[in-house]
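First comes the structure, then the notes that go with it.
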Amino acid sequence: MTYLAGLDPGTQEILEHFGFDAEQFDALRKAVAAGTLSPATNVVSGEVQVPLPSDVSRLPEAGSRAWDDARDAGLAALRDGRIAHVVLAGGMATRFGGVVKAVVEVLDGRSFLDISLGETARLSEALAVEIPVAVMTSFATDAVVRAHAAEIAVPKPIAFSQFVSLRLEPTGALFTDDEGQVSLYAPGHGDLFDALRGSGTLSALESMGVEHLVIVNVDNLGARLDPVVIGAHLLAGRPFTVEVAAKDGDTGGAPARVGGTLRLVEGPCFPPTFDQDSIPVFNTNTALVTVDAIRTPTELSWLYLEKLVDGRPAVQLERLYHELSAFVPTTYLEVPRRGQTGRFMPVKVPADLGRVRPELEEILRLPRL
């Protein structure tokens with residue numbers, strides 16, 4: 001792979017430090033060049049059907065017997081130290097004008113990361129137990145997130161990074177920017193399970209007695225650790241729980257039946273003729289998973305995605321961790337979007353901050369138990 005030898009020392013250092021797999025990349029690059037990895041290969045095989053009503057369960061109503069049972073199960077698991085909080089704070093730091101979103105101020109001098117970890121710290125204090133926390137960074141966010149995590153008034157999380165890759169031309173050649181430099185990117189949150197294993201973070205969590213991970217995006221301010229949600233996952237008895245919410249103009253992945261088998265299908269993976277609006281819920285990118293389900297690697301699919309870079313199409317090959325649902329029994333748990341128990345409050349661009357702040361202020365005033 002002599003084409004990699006010509007890269008500048010700074011790029012080579014980043015590739016080495018953040019786990020670039022040159023052999024795997026070369027195989028993927030050749031697949032793009034040959035056309036065996038393309039937008040068409042993103043689409044799942046088999047007839048795609050809308051999920052049955054029984055395929056999606058609802059979070060129990062507050063005050064119901066089911067709510068009490070789920071809450072008791074969740075509290076017991078938290079008190080036993082079986083639950084860890086995993087925050088996704090990687091990506092490319094592009095939607096906030098090149099600023100790392102995790103450290104941006106959201107409310108009263110507090111950042112996304114401060115609020116996410118602070119709410120877990122509040123729950124930990126209320127239960128008088130330690131709740132382990134891990135944060136996944138990327139080559140574009142790692143240094144900033146680590147420094148910020150050391151500054152805020154929360155227990156220090158375990159920090160580990162996702163991997164790094166190189167953008168391609170649609171021909172399979174290396175993409176170079178207007179200055180002739182190769183273009184680095186973080187190849188999707190499908191890195192999560194491999195990065196947890198490869199960094200030793202999964203082993204460290206297991207040594208603490210952790211059996212289940214609660215995975216959240218740092219920019220979803222509603223996705224706090226909730227004993228009822230944790231308990232619903234535990235009582236369902238399946239290795240993987242994906243939180244879904246009712247659509248309100250949303251796009252993205254959703255549960256569907258593929259060849260009769262229920263799984264999470266990402267947006268680019270639906271057949272072009274399938275009406276995605278026919279599925280009433282979508283994936284919020286919050287999930288719970290057993291350590292047992294991710295201890296052994298699973299071969300997740302590579303998706304072919306095109307992004308505009310310097311006004312030209314660049315190919316990014318990415319994996320998404322929710323594809324685990326195609327391999328293990330999965331619960332699709334419908335959660336409320338808004339209100340005191342709302343769990344979907346994403347901030348994708350700066351303009352979203354003004355919309356969520358009033359509701360966030362109310363949520364942060366609530367007791368954690």
Side-chain angles (χ1 to χ4, degrees), residues 57 59-60 65-89 116-136 149 154-160 189 192-218 220 222-243 284-298 321-322 324-325 327-333 335 341 343 367-369:
S57 21
L59 190 68
R65 176 61 183 272
W67 186 90
D68 289 338
D69 290 345
R71 187 174 187 272
D72 289 346
L75 288 173
L78 286 162
R79 289 190 172 106
D80 290 345
R82 291 184 280 135
I83 307 298
H85 182 199
V86 177
V87 181
L88 306 182
S116 182
L117 302 191
E119 285 300 278
T120 297
R122 279 213 299 148
L123 180 60
S124 180
E125 183 178 358
L127 292 170
V129 298
E130 179 183 355
I131 300 174
V133 178
V135 177
M136 186 172 82
V154 296
K156 185 178 180 181
I158 301 171
F160 67 103
H189 53 60
L192 173 61
F193 301 142
D194 286 343
L196 278 166
R197 286 188 298 268
S199 66
T201 302
L202 190 65
S203 294
L205 293 174
E206 282 194 273
S207 71
M208 299 176 197
V210 170
E211 297 176 1
H212 304 264
L213 310 180
V214 181
I215 305 163
V216 306
N217 265 2
V218 73
N220 181 2
R224 308 186 300 167
L225 291 194
D226 184 334
V228 179
V229 173
I230 293 168
H233 161 72
L234 296 170
L235 295 177
R238 300 185 183 95
F240 197 30
T241 295
V242 174
E243 291 190 26
T284 68
N285 205 37
T286 302
L288 302 91
V289 66
T290 64
V291 169
D292 287 343
I294 62 174
R295 192 179 289 112
T296 301
T298 300
Y321 80 83
H322 303 106
L324 181 67
S325 64
F327 300 93
V328 302
T330 300
T331 298
Y332 299 92
L333 182 65
V335 298
T341 59
R343 294 189 57 75
R368 289 300 274 130
L369 285 181

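Only heavy atoms go into these numbers, but all of them, side chains included; no hydrogens, no water, no symmetry mates. We're numbering straight along the sequence, starting at 1.
Between the side chain of Arg224 and the backbone N or O of Arg343, no donor-acceptor pair lies under 3.5 Å. Not one N or O on the side chain of Ser203 forms a donor-acceptor pair closer than 3.5 Å with the backbone of Gly200. Panel note: side chain Asn217, backbone Asn285; no donor-acceptor pair is recorded below 3.5 Å. The closest donor-acceptor contact from the side chain of Thr331 to the backbone of Leu333 lies at 3.5 Å or more, if one exists at all. Judged by distance alone, the side chain of Ser124 and the main-chain N or O of Ala121 form no donor-acceptor pair under 3.5 Å. Distance alone, capped at 3.5 Å, is enough to place a donor-acceptor pair between the Thr284 side chain and the Glu243 backbone.
Residues Pro239 and Pro329 share a closest heavy-atom pair of CD-O, 3.2 Å. Looking at every heavy atom in both residues, Pro132 comes nearest to Val210 through CG-CG2, 3.8 Å. Closest approach of Gly74 to Ile230, counting heavy atoms only: CA-CG2, 4.0 Å. Here the closest heavy-atom approach between residue Ala73 and residue Gly231 is recorded as CB-CA, 4.0 Å.
Interatomic distance, NZ of Lys156 versus CG of Leu117, reported as 13.0 Å (0.5 Å rounding). To the nearest 0.5 angstrom, Leu234 atom CG is 8.0 Å from Leu288 atom CG. In this structure, CG on Leu205 lies 6.5 Å from OG1 on Thr201, to the nearest 0.5 angstrom. Within the model, atoms CZ of Phe193 and CG of Leu213 stand 8.0 Å from one another, a figure rounded to the nearest 0.5 Å. Interatomic distance, CG of Asp292 versus CZ of Arg295, reported as 4.5 Å (0.5 Å rounding).
Judged purely by distance below 3.5 Å, without hydrogens or angles, the side chains of Thr330 and Arg238 never pair a donor atom with an acceptor atom.
By the 4.5 Å heavy-atom criterion applied to side chains, Phe160 and Leu192 are counted as neighbours. Counting only heavy atoms from C-beta outward, the side chains of Glu130 and Pro155 never approach each other to under 4.5 Å. In this structure, Val216 and Val218 have side chains that are not in contact, with every pair of non-hydrogen atoms separated by 4.5 Å or more. In this structure, Thr286 and Ile215 have side chains that are not in contact, with every pair of non-hydrogen atoms separated by 4.5 Å or more. A heavy-atom distance below 4.5 Å is not found between the side chains of Phe240 and Ile294.
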Would Arg65 and Asp68 satisfy salt bridge (charged side-chain N to carboxylate O under 4.0 Å, His left out), going step by step from the backbone distance to the final call?
CA-CA 5 Å; Arg65 176 61 183 272; Asp68 289 338; 6.0 Å; no

Applying side-chain contact (heavy atoms from CB on, under 4.5 Å) to Val133 and Ile158, what does each step give before you reach the verdict?
CA-CA 6 Å; Val133 178; Ile158 301 171; over 6 Å; no

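With sequence neighbours excluded, the residues forming a salt bridge (Lys or Arg N to Asp or Glu O under 4.0 Å) with Arg122 are Glu119, listed by chain and number.
Salt bridge absent: Glu125 and Arg368 never bring a charged side-chain N and a carboxylate O closer than 4.0 Å.
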Considering only distance and modelled atom types, tabulate donor-acceptor pairs under 3.5 Å from the side chains of residues 76-88, sequence neighbours left out.
| unit_1 | atom_1 | unit_2 | atom_2 | d |
| --- | --- | --- | --- | --- |
| His85 | ND1 | Thr120 | OG1 | 2.7 |

